[in-house]
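Structure record follows, encoded as structure tokens.
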Protein chains: 2
Amino acid sequence: MVTIYDIAKKANVSPMTVSRVVNNSGKISEKTREKVEKIIKELNYIPNNAARSLTLKQSKILSLLITDITNPFYTKVARGAEDKAKQMGYRLLLSNSDESLEKESEYVDMLISSGVDGVLMAPAGDESKKNLKTLIKNKIPFVLIDRQVNGIDCDLVIGDSYHGTRQLLEHLIKQGHSKIALINGPANISTAREREKAYFEILRLAGIEANKQLTSNISYRQNDSHKVVKNLISLPESKRPTAIFAANNFIAINTIKSLRQLNVRVPEDMAVVCFDDPDPIPDFNPFLTLAAQPAYNFGYMGIQLLIERVEGNGPAEKQRVILPPEIIIRNSSMRK
Amino acid sequence: MVTIYDIAKKANVSPMTVSRVVNNSGKISEKTREKVEKIIKELNYIPNNAARSLTLKQSKILSLLITDITNPFYTKVARGAEDKAKQMGYRLLLSNSDESLEKESEYVDMLISSGVDGVLMAPAGDESKKNLKTLIKNKIPFVLIDRQVNGIDCDLVIGDSYHGTRQLLEHLIKQGHSKIALINGPANISTAREREKAYFEILRLAGIEANKQLTSNISYRQNDSHKVVKNLISLPESKRPTAIFAANNFIAINTIKSLRQLNVRVPEDMAVVCFDDPDPIPDFNPFLTLAAQPAYNFGYMGIQLLIERVEGNGPAEKQRVILPPEIIIRNSSMRK
DNA sequence: TTATAAAATGTTACCAATAACACAAAAATA
DNA sequence: TATTTTTGTGTTATTGGTAACATTTTATAA
């Protein structure tokens with residue numbers, strides 16, 4: 001490995017001078033700069049980040065801690081995050097918590113040890129508070145995306161669950177539905193709570209009496225919708241829903257799969273709508289009506305806020321960025 | 001930040017003893033080990049990776065350098081890679097080259113500087129040789145996935161383009177197609193070359209005279225299929241293809257979009273098949289007939305080979321892992 | 001009981017880069 | 001020309017951890 005010492009020797013200057021050339025810091029005569037730069041090129045010198053991190057206490061590495069990169073929502077988040085990080089001269093570490101608190105906790109320790117400068121995180125749930133406290137204790141800045149955590153005041157980039165829910169439900173109501181089921185995510189995740197709250201509020205506003213029997217909480221990523229769907233289908237005609245509002249893309253897809261297995265046609269017998277597009281490549285075979293969140297921007301903005309914190313340019317008060325969803329109406333909710 | 005010196009002082013031992021406890025190396029009496037471990041917990045000590053990297057010359061960070069995480073193929077690769085890396089105690093850096101040689105080159109420099117222990121890479125093309133040489137010069141082990149590079153002898157995890165192509169084409173031929181167009185990726189990417197070679201070979205074996213007019217090379221990820229599709233469609237009836245073999249998922253989707261714009265129905269007027277599933281969530285609205293490659297395993301195996309190299313446990317000769325595709329026949333190629 | 005081996009712990013130097021300070025040479029000012 | 005300021009460059013110490021060697025303590029054998 002080529003070090004500044006090798007350069008220094010060959011250029012007949014001190015290592016410090018080389019360091020100054022590399023970092024463009026301090027005063028350097030044009031002559032020495034050129035001489036040193038020439039040798040740097042010649043020997044193919046690349047600075048050693050470990051040594052730099054050790055003295056500077058910054059690694060230029062950020063971490064993206066999400067639940068699962070294979071969820072297209074987070075795929076796009078990751079892409080946005082990586083683009084912004086690259087643009088700002090940072091590298092990005094990828095971690096998948098799978099919505100598991102322990103995995104998240106393991107990663108947090110690993111990340112601290114790795115010396116990341118900051119963490120962009122979609123927390124597994126409210127219990128992530130413990131892991132965030134660990135970050136705080138270690139003075140590692142973080143920004144939350146998609147989900148908030150009770151009792152943690154920090155920079156946020158989140159969607160607008162209320163308006164997304166509202167537009168989806170109003171669309172269903174306009175289509176003539178009044179018995180609308182909610183298959184929600186876990187109650188310990190803020191987005192699920194917000195969507196549920198919005199669900200009841202909007203039904204009330206529309207003069208529709210909500211029925212607790214029609215709502216349920218399941219995982220955002222494990223496939224356990226089947227039982228719930230079966231239950232809904234086996235309700236007596238008078239109570240059986242004609243539409244399902246799935247809290248995310250994954251639930252929606254599994255719901256549709258279950259419905260098909262049960263010979264319930266979508267949308268003819270059952271409309272389905274959800275949050276977040278399951279299709280990473282836009283506009284191919286579009287089927288699901290949904291509230292598309294600007295996932296790329298979640299990542300992009302998140303990294304932007306994070307770097308502001310890392311570099312200490314952020315405002316004193318925490319920033320809350322709320323990105324509105326876009327409602328896309330497609331076949332899964334259209335009465336033929 | 002808590003260091004081994006803090007622990008040492010509080011435990012009344014030398015820093016070296018603490019280091020030994022942390023790393024479970026050397027001989028330590030049970031008594032001291034317990035004493036030190038207690039204080040480590042108490043002070044919440046987490047080792048500083050920068051310092052460790054500096055002495056040990058290894059960072060426990062690997063890099064995944066792919067073309068685009070939003071391509072579902074690479075999304076799954078990334079997930080497999082991250083899972084294996086985590087399991088082996090490594091962290092994973094994510095980089096998207098967008099099939100651009102310069103971006104790839106920038107990343108390679110960044111990665112070397114970051115001190116990654118190894119790189120798992122889907123090279124942008126044959127010209128990536130230059131970037132790989134940089135890695136070699138810096139003694140950074142790497143493994144290539146999905147694509148080979150002429151003139152670089154290294155560990156590989158690749159698919160089987162020949163058999164995938166063969167099965168797809170035989171399926172089309174069995175469906176009665178004889179005028180089959182190939183919309184291929186760039187000729188400087190090994191997978192494209194292999195698929196083209198297989199295409200001609202298999203047509204020949206089937207006694208079908210191949211027509212150069214029916215083959216073309218476009219980007220694997222930019223949407224520039226439209227002109228090509230238009231040309232194919234405007235061929236005289238006698239020459240116009242009845243099926244299109246798209247070299248990857250992205251091309252296939254854009255091809256179908258173009259066909260729809262041109263009012264050509266798929267599969268009624270035109271069958272379409274391709275490599276790689278564009279759908280990250282399995283079995284939802286499946287439409288495309290394709291050769292599905294075990295993307296997750298590309299990443300998983302790739303990291304496994306890479307870590308073998310990094311840790312010096314690998315065999316002397318380079319390893320070539322070839323993962324066969326699975327043909328999935330769906331609607332896009334079925335004559336109704 | 002002493003010599004010797006083994007086990008446990010400590011000391012020193014080093015990894016690559018940089019901050020902080022020191023100092024010489026050149027330029028500006030008196 | 002002498003003095004001050006500025007500019008350019010060098011020296012030393014530090015960052016957190018560990019390898020290599022040194023030393024002390026304990027256990028074992030003679």
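Chain identifiers are assigned alphabetically (A, B, ...) following the order of the sequence lines, protein sequences preceding nucleic acid strands; residue numbering begins at 1 within each chain.
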* Asked: Is the distance from OP1 or OP2 of D/dG8 to the nearest side-chain N or O of A/T17 less than 4.0 Å?
  -> no
* Would you indicate, yes or no, if D/dT9 has its OP1 or OP2 atom less than 4.0 angstrom from a side-chain nitrogen or oxygen of A/T32? => yes
* Asked: Please give, in whole Å, the distance from D/dT15 P to B/R52 CZ?
  -> 19 Å
* **Passing option when A/Y74 is tested against A/N96, A/D68, A/D146 for side chain to side chain donor-acceptor pair (under 3.5 Å)** => A/D146
* Counting distance only, does the side-chain N/O of A/K60 pair as donor-acceptor with the main-chain N or O of A/G89 below 3.5 Å? -> no
* Atom pair distance, as rounded to whole Å: CG in B/N24 and P in D/dT18 -> 12 Å
* How many angstroms lie between atom CZ of A/R309 and atom CG of A/D155, to the nearest 0.5 angstrom? -> 4.0 Å
* **Sidechain-backbone polar pair: B/N71 side chain, B/F73 backbone, donor-acceptor under 3.5 Å** => yes
* Does D/dT7 have OP1 or OP2 sitting under 4.0 Å from an N or O in the side chain of A/K27? -> yes
* Structure fact -> Here the residues of residues 34-43 of chain A within 4.0 Å heavy-atom distance, strictly under, of DNA chain C are none
* Asked: OP1 or OP2 of C/dA16 less than 4.0 angstrom from a side-chain nitrogen or oxygen of A/T3, does that happen here?
  -> no
* Between A/Y5 and C/dC14, does any side-chain N or O lie under 4.0 Å from OP1 or OP2? -> no
* To do: Indicate whether OP1 or OP2 belonging to D/dT18 is found under 4.0 Å from a side-chain N or O atom of B/N23.
  => yes
Check: protein-nucleotides 20-29 of chain D nitrogen or oxygen pairs below 3.5 Å:
none

* To do: Take the protein atom CG of A/L54 and the nucleotide atom P of D/dT14, then report the distance between them rounded to whole Å.
  => 14 Å
* Asked: Looking at A/N49, A/N44, A/I46, which one forms a side chain to side chain contact (heavy atoms under 4.5 Å, CB included) with B/I112?
  -> A/I46
* Describe, as an angle rounded to 10 degrees, how the axis at the first end of the helix from C/dT1-D/dA30 to C/dA30-D/dT1 is tilted relative to the axis at the last end, five pairs per end. => 40°
* **Rounded distance in Å - NZ (B/K57) to C1' (D/dG17)** => 12 Å
* Would B/R33 and B/N24 count as a side-chain hydrogen bond (donor to acceptor under 3.5 Å, both in side chains) if you check the C-alpha gap in whole Å, the side-chain angles of each, and the deciding distance to 0.1 Å? -> CA-CA 9 Å; B/R33 149 161 285 121; B/N24 233 311; 3.2 Å; yes
* Structure fact -> From CG of B/N12 across to P of C/dT9 the rounded distance in Å is 12 Å
* Asked: Would you say the side-chain atoms of B/D98 pair up with the backbone N or O of B/S100, donor to acceptor, closer than 3.5 Å?
  -> no
* Let me know the distance between CG of B/N48 and C1' of C/dA17, rounded to the nearest Å. => 14 Å
* Asked: When all nucleic acid strands are considered with a 4.0 Å heavy-atom cut-off, which category describes A/S25: base, sugar-phosphate, or nothing?
  -> nothing
* To do: State whether a side-chain donor-acceptor pair under 3.5 Å links A/R79 with B/T70.
  => no
* **Short side-chain to backbone donor-acceptor contact, B/S97 and B/E104, under 3.5 Å** => no
* **Among D/dT9, C/dT18, D/dG17, the one nearest B/I4 by side-chain distance** => D/dG17
* In sequence, state the C-alpha distance, the side-chain angles, and the governing distance for A/Y107 and A/N131, and then conclude on side-chain hydrogen bond (donor to acceptor under 3.5 Å, both in side chains). => CA-CA 9 Å; A/Y107 270 119; A/N131 295 330; over 6 Å; no
* Would you please confirm or rule out a distance under 4.0 Å between OP1 or OP2 of C/dT18 and any side-chain N or O of A/S19? => yes
* To do: Verify whether one side chain among B/T191 and B/Y220 offers a donor that lies under 3.5 Å from an acceptor in the other.
  => yes
* To do: May I ask you to say what B/V13 touches in the nucleic acid, namely base, sugar-phosphate or nothing, with a heavy-atom cut-off under 4.0 Å?
  => sugar-phosphate
* Distance check: side-chain N/O of B/S14 vs OP1/OP2 of C/dT11, anything under 4.0 Å? -> no
* **Spacing of A/N49 atom CG relative to C/dA17 atom P, expressed in whole Å** => 10 Å
* To do: State whether A/R147 and A/E99 are salt-bridged, where the test is any N-O pair (Lys NZ or Arg NE/NH1/NH2 against Asp/Glu carboxylate O) under 4.0 Å.
  => yes
* When the distance from CE of B/M1 to P of D/dT15 is rounded to whole Å, what number comes out? -> 13 Å
* To do: May I ask you to decide if A/T3's main-chain N or O and A/D6's side chain share a donor-acceptor pair within less than 3.5 Å?
  => yes
* Have a look at B/S29 and say if it touches a base, only the backbone sugar-phosphate, or nothing, with a 4.0 Å heavy-atom cut-off. => sugar-phosphate
